[in-house]
Amino acid sequence: MGVLNVTPDSFSDGGRYLDPDRAVARGLAMVAEGADVVDVGGESSRPGARPVEAAEERRRVLPVIEALAPVVRVSVDTVKAEVAEAAIEAGATLVNDISASLWPVAAAAGVGFVAMHMRGTPATMQDDPRYDDVADEVQAYVLDRARAATAAGVDEVWVDPGIGFGKTVEQNLTLLRRLPELAAAGYPVLVGTSRKSFLGRFVPGPDGRPAPVETRLAGSLATATWAMVNGAAMVRAHDVAATVQAAVLVGSTAPVPA
Ligand code: HH2
């Protein structure tokens, strides 16, 4: 799943694809690089991000979805029902909802749904996140939402632990370590670690501060590979070409069925 943020403020590609022509060109480039899905978002969810009006979000994503949907599967990254509905009309077939609440929209339209875990909202989620057992709580939450979506009639439901959404570095690592438990629960798993800030903590720059976003490719690939080996059926990535190489390699080393 390639990430295409049509926003001025996303944490790694904000402002680069606000122009629809540039966004479409980047989406097509991702297809050429091997993306199976392009995830189009019009509202940043980075910690502390400001909410966007639905009309503005629609204005950003719809022309891009309309242009890409005939060429590649498009998901819409939104928490607003009206944006998801308009995106589906424009050709999106997967609702990637970080608030894990839009399954009625997916059910009504007969499209897929991603149930991701987030604690609170992007504005507050990194304020001292605490869990008794982060993996248990995240699993219970996403599986509860996934089962609700299934019960409502959604045929294709994904679960996503929401790396970086209201989690400390340690909590993110615990979720990755315990990914096989989530993968064993019966729903396909999506994982997004790409360029996220916790990766920067492992390679501080000379000033001791976390490595900036453009130096997080190695960490992104290492964690995407880890996720795929440990049961993720899809990874969400900005660096599509490199991630596809990793995916092909993981697929090639999988045990041959007896
Ligand atoms: N991460 C981001 C946004 N949407 N959706 C899913 N299912 N899983 C994720 O891990 C995930 C997501 C955050 O990354 P990005 O889109 O690059 O940034 P921003 O939210 O600033 O637009």
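In listed order, ligands and their atoms are each counted from 1. The first residue of the sequence shown is numbered 1, and numbering continues consecutively from there.
Ion pairing of Asp13 with Arg195 is absent here, as no side-chain N (NZ or NE/NH1/NH2) approaches a carboxylate O to less than 4.0 Å. Ion pair Arg26/Glu33 flagged as a salt bridge, since at least one NZ, NE, NH1 or NH2 atom sits closer than 4.0 Å to an Asp/Glu carboxylate oxygen.
Looking at every heavy atom in both residues, Thr7 comes nearest to Ser44 through CG2-N, 3.9 Å.
Among Thr78, Val76, Val74, the single residue meeting the side-chain contact (heavy atoms from CB on, under 4.5 Å) criterion with Val40 is Val74.
By the neighbour-count criterion of 12 heavy atoms within 6.0 Å, atom CG of Asp207 is densely surrounded, having more than that number from other residues, nucleotides or ligands.
Within 4.0 Å of ligand 1, heavy atoms belong to protein residues Val3, Asn5, Ser10, Phe11, Ser44, Ser45, Arg46, Asp77, Asn96, Ile98, Val114, Met116, Asp160, Phe165, Leu190, Gly192, Lys196, Arg236, His238.
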Identify all side-chain donor-acceptor contacts of residues 148-155 below 3.5 Å with residues at least two apart in sequence or on another chain.
unit_1	atom_1	unit_2	atom_2	d
Thr150	OG1	Ala146	O	3.0
Thr150	OG1	Tyr187	OH	2.8

